Amino acid sequence: MTATHTTTVPHATTDDPTSSQVSGRASGPASNGRRPVEMPRRRWPTALAIALVILTTADGSGELADTVGAFGDALPLLPLLYVIIQQVGNPRVTWPVLGAGVAVMVALQAQDVVSQPVALVAIALAVLVWGSVRGTPHGRTTFGVQAAGAFVFGALALAGLAVDPDLGRYLVAAGWFFHGVWDFVHLKLDKVVARSFAEWCGVVDVLIAVYLLFLL
């Protein structure tokens, strides 16, 4: 009778600590190493907004009435940009439209014929009338929302400029703050304007509101 011997060959397992350490070194630092590089790239609108607000408010030596007046004058530009961009129907034009809007503001400041906020509100109304006649790429609902925004923010700006600066600062600050909320809602929905602009404008708006309420 012949005895039969069987030889058991050990199988490789995945619990080898050496292999897990190697894979950990290959994947862990690489994925973690990308984050510090990618974060500034993705958050450049926030960084740009913070830098702009610091440069705008760093002096802090202006009179209350002048500061409230300056930010009240600029407030109607914010909904105007949304009205124009939604009517164009292409978020890619967002930053060029902002540049054109700033140029219009500079031109309005150089003349004494018409008030800057009144002119900006009038332009917004003209674009809205154009949209109601010609139609709008985003549909009537979005058009109505943008029209309501132009009315509310324009009214807050004009009211803030018409009253005493001590009260006006709160009205103007409310306009800037709630337009920041408006920006972040559009950022979340990814509608009407470019996402980079919505993030940038939202941060600028909220920081200026904080400045008007607590730092001015």
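All figures in this text were calculated on a predicted structure; none of them were measured in a lab. The residues of the chain are indexed from 1 along the displayed sequence.
Proximity of Cys201 to Leu78: side-chain heavy atoms (C-beta onward) are separated by under 4.5 Å at one or more points. Side-chain contact between Tyr82 and Asp183 is present, with heavy atoms from C-beta onward closer than 4.5 Å.
In this structure, Ile208 CD1 and Leu213 CG are separated by 12.0 Å, a value rounded to the nearest 0.5 Å. Taking CG of Leu77 as the reference point, atom CG of Leu98 lies at 7.0 Å (rounded to 0.5 Å). For the atom pair CG (Asp190) and NZ (Lys188), the distance works out to 11.0 Å, reported to the nearest 0.5 Å. Here the straight-line distance linking atom CG of Leu207 with atom CD1 of Ile54 works out to 8.5 Å at 0.5 Å rounding.
Put simply, Leu64 and Leu215 are part of the same group of oily side chains (I, L, V, M, F, W, Y) that touch within less than 4.5 Å, one to the next. Both Leu187 and Ile50 belong to a common hydrophobic cluster when Ile, Leu, Val, Met, Phe, Trp and Tyr are linked at side-chain heavy-atom distances under 4.5 angstrom. Cluster membership for Leu128 and Trp130, using ILVMFWY side-chain heavy atoms within less than 4.5 angstrom, is shared.
Judged as a side chain to side chain contact (heavy atoms under 4.5 Å, CB included), and not counting sequence neighbours, the contacts of Leu189 are Val185, Lys191. In this structure Phe71 satisfies the ring pair (Phe, Tyr, Trp, His ring centres under 6.0 Å) test together with Trp176, sequence neighbours excluded. The ring pair (Phe, Tyr, Trp, His ring centres under 6.0 Å) search around Phe197 returns Trp95, Trp200, not counting sequence neighbours.
Heavy atoms only, all atoms of each residue included: Gly72 and Val172 are closest at N-CG1, 3.8 Å. In terms of heavy atoms, Leu75 sits closest to Pro79 at O-CD, 3.2 Å. Here the closest heavy-atom approach between residue Val129 and residue Ser132 is recorded as O-OG, 2.7 Å.
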Discussion item. Walk me through whether His179 and Phe184 qualify under ring-ring contact (aromatic ring centres under 6.0 Å, His included).
Written reply: CA-CA 9 Å; His179 195 272; Phe184 289 125; over 10 Å; no

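For the residue pair Thr142 / Gln86, no side-chain donor-acceptor distance below 3.5 Å is found, with atom types taken as modelled.
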Going by atom type alone, with no hydrogens or angles, which donor-acceptor pairs under 3.5 Å involve a side-chain atom of residues 143-170 and a protein atom two or more places apart or on another chain?
unit_1 : atom_1 : unit_2 : atom_2 : d
Gln146 : NE2    : His186 : NE2    : 3.0
Asp164 : OD2    : Asp166 : N      : 2.9
Arg169 : NE     : Leu212 : O      : 3.1
Arg169 : NH2    : Leu212 : O      : 2.8
Arg169 : NH2    : Leu216 : O      : 3.0

Pairs under 3.5 angstrom only: tabulate donor-acceptor contacts from the side chains of residues 101-117 to other protein residues two or more places apart or in another chain.
unit_1 : atom_1 : unit_2 : atom_2 : d
Gln109 : NE2    : Gln116 : OE1    : 3.3
Gln111 : OE1    : Val113 : N      : 2.8
Gln111 : OE1    : Val114 : N      : 3.0
Gln111 : NE2    : Leu108 : O      : 2.7
Gln111 : NE2    : Val114 : O      : 2.9
Gln116 : NE2    : Asp73  : O      : 3.2

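A side chain to side chain contact (heavy atoms under 4.5 Å, CB included) with Tyr211 is found for one member of Val53, Thr67, Val206 and no other, namely Thr67.
Legend: salt bridge (Lys or Arg N to Asp or Glu O under 4.0 Å) pairs involving residues 195-210, not counting sequence neighbours, sorted by first then second residue: Arg43-Glu199.
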